[in-house]
Number of protein chains: 2
Amino acid sequence: MSEKCTLVISGSQFMSYFSDSKNVVCWYLEPELENEIKRLHRVVGNASVDDYHVVVGTGSTQLLQATLYALCSPDDDDSNPVNVVSAAPYYSCYPELTNILRSGLYKWGGDARTYNEGGPYIEFVTSPNNPDGRIREAIVKKGRGKLVHDLAYYWPQYTPITSCLGHDTMLFTFSKCTGHAGSRIGWALVKDEDVAKKMTEFISINTIGVSKDSQIRAAKILGHVSESCLNPGPDNFFETSHILMAERWEKLRQVVAQSGMFSLPHYPKQHCLFTGKFSTQAHPAFAWMKCNKEGVEDCEKFLRGQKIITRNGRRFGCDPKYVRVSLVGKEEEFKLFLERLLAIQGTSNGINHM
Amino acid sequence: MSEKCTLVISGSQFMSYFSDSKNVVCWYLEPELENEIKRLHRVVGNASVDDYHVVVGTGSTQLLQATLYALCSPDDDDSNPVNVVSAAPYYSCYPELTNILRSGLYKWGGDARTYNEGGPYIEFVTSPNNPDGRIREAIVKKGRGKLVHDLAYYWPQYTPITSCLGHDTMLFTFSKCTGHAGSRIGWALVKDEDVAKKMTEFISINTIGVSKDSQIRAAKILGHVSESCLNPGPDNFFETSHILMAERWEKLRQVVAQSGMFSLPHYPKQHCLFTGKFSTQAHPAFAWMKCNKEGVEDCEKFLRGQKIITRNGRRFGCDPKYVRVSLVGKEEEFKLFLERLLAIQGTSNGINHM
């Protein structure tokens, strides 16, 4: 689809800070992008868009901070920072982005499963979860909590679409929908107008809006993805990428079974509303891999010794026997990863035989 | 130059988060953009680039926050927030972006001229200044202070280039250099490698880098600007835009003189190293206008009644008799502004005659 999706912008286009003076919620959002976001969600059926406000961000990372700001901004100057929690294993960026500036508005409160303080809190509900690909619901469930649903991976190539979600604040990102991480485009679907306006306020002060060039590129590419969904077969973006992910997972599971040294999560077969198929399994963007080899306490360190770069389980609030491995790199990188994983088996067998 | 500067990106280009694995300071900086930034500064002669690290940001707004983070990050968890100051009239976004998250690292300390606390502080030195266009130097000058030079307007169309600056941390932005505000591209020239790395860390956590699409667009356009400087006459970008700004200022000064109701700053004639001309005057992007009309305490409110949108002097730490007026809008907007400014004179004369 590379040629069809080519972006052309002349030197004098999109020069202004402003995009849409009629948009009272998000003044820097290109109307074209808003339309394509809504169209794609309608085509895929993963999230409601009617009666939602769209707020665009510099990746969903910026939107996570915008939601914290919007959901915390207290009228009372002396109030304590609100606790921000998520169930372990949680996305490793949550604690970092929450605590980086030592905000007086909010602070990282740790694992949602062990959280039992009173007062207001915010829970990030990541579904499918990063790093382990599982479908999630809120954990804490207390009266004064607010939920942010991080749905970056709720697309048909990764997981069966089992319902059209309608949560208060839902975050998505171009990088995980199509792989265009370099464009730094994310979006939030927000029910409450005041929350959406507060999020816009944060992004206005943080970066005075979001790159128009990337908004226009995302609009164009998301539009082609929507159109591709009208076709069955290899032209359908999600069908093709679903097959790719399924192949990678099959190969990975083979290697892991052969090695006997690691374990991987298993996912239930479910009915996917998008494909209409009844026994669709999840094929997450990451493998959440546990090392069962005796003597290995730190799997990330162990794999680094084998020239396999992963993210340590500790960073996700878990045991360092776990690592997160990306499965959405280039084909040659994925092949190398499998080769090196197999080679470990060789090494360890060698050691065992000595 | 619109056609020459056309950006073309295919659907499969610039998809990764990463730009340059060899860049140990700023991993998400496109090498092409770094080269064009350095080339342009060498052509214009406004800032040293040799032995400087380039850090790119989502506009210089994000870089301002990155410098605060980099210059504050204390080892000691209990230290007090560092005061951030700038001399009034200061850029209205400084207090907003400093205080938005109630950071424990830094807080807005107000007007640098009246600042007399002990301990560490950071001073934003804006030169030419936003809003009043004046050339500035640091004000506080105490031992434990750190300076950030915001040089957004230090380009030949706005002000004579009187020396090649070599401060520790110098900020620039695509939006003010060429007018491409919608791309959200800014850059910092940073002497200290550790500071540059800390700034990169902030931007990595805040937005995981900066739009590649916009970096590539900025690289292309800045490249054409550099090339245009080889030619004298109307093809030279800065010469042409200097003439445009000079014309607007001349017209504005005529209208203001005719009205007798407002006053504007005057700027000295200086030798511009870029043009080689000896009596070059500043023609800032904004007019810092004072209303001298009796009974008008709030100039912004007064002008709003005449359908002229300005920014209130109060937001720059000054008397509300002052306003900041943008002079870099579209030609028709500028004409309308002058017409409406003249019309006030009519109204007020009318009132006087009654």
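Please read these numbers as outputs of a predicted model, since none were measured by experiment. Numbered from 1 within each chain, the chains take letters A, B, ... in sequence-line order.
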Chain A contact via [X] - which portion, at a heavy-atom distance below 4.5 Å:
X: Q65(B); result: side chain
X: S16(B); result: backbone
X: I221(B); result: side chain
X: F174(B); result: neither

Report task. With rounding to the nearest 0.5 Å, note down the distance linking CG in L105(A) to CZ in R102(B). Result ->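 The CG atom of L105(A) sits 5.0 Å away from the CZ atom of R102(B).
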Query raised in the report: Between T178(A) and chain B, which part of the residue has a heavy atom less than 4.5 Å away: side chain, backbone, both or neither?
Result: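 For T178(A), backbone heavy atoms alone lie under 4.5 Å from chain B.
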Query raised in the report: Is it the side chain or the backbone of F202(A) that comes within 4.5 Å of chain B heavy atoms, both, or neither?
Result: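 F202(A) touches chain B through backbone and side-chain heavy atoms alike.
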Query raised in the report: Do you know the tightest heavy-atom contact between C5(B) and G11(A)?
Result: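 For C5(B) and G11(A), the tightest heavy-atom pair comes out as CB-CA, 3.7 Å.
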So, [X] side chain and [Y] main chain: donor-acceptor pair closer than 3.5 Å or not?
X: R184(A); Y: K212(B); answer: no
X: H180(B); Y: Q13(A); answer: no
X: S103(A); Y: L101(B); answer: yes

Query raised in the report: What option among S183(A), G182(A), G104(A) has the most heavy-atom pairs under 4.5 Å with chain B?
Result: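 Most heavy-atom pairs under 4.5 Å with chain B: G182(A).
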Could you check which of [options] has the highest count of heavy-atom pairs closer than 4.5 Å to chain A?
options: V8(B), L64(B), D213(B); value: D213(B)
options: E201(B), H224(B), R217(B), Q62(B); value: R217(B)
options: I100(B), I216(B), L68(B), L97(B); value: I100(B)

Report task. Would you tell me whether S10(B) and S2(A) have side-chain atoms, one donor and one acceptor, within less than 3.5 Å of each other? Result ->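 Note: S10(B) and S2(A) side chains meet the donor-acceptor criterion.
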**Report entry** Check against side chain to side chain contact (heavy atoms under 4.5 Å, CB included), I9(B) and T6(A)
**Finding:** CA-CA 6 Å; I9(B) 298 183; T6(A) 296; over 6 Å; no
Query raised in the report: Of T207(B), N206(B), T61(B), which meets side chain to side chain donor-acceptor pair (under 3.5 Å) against N206(A)?
Result: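 For N206(A), the side chain to side chain donor-acceptor pair (under 3.5 Å) check succeeds only for N206(B).
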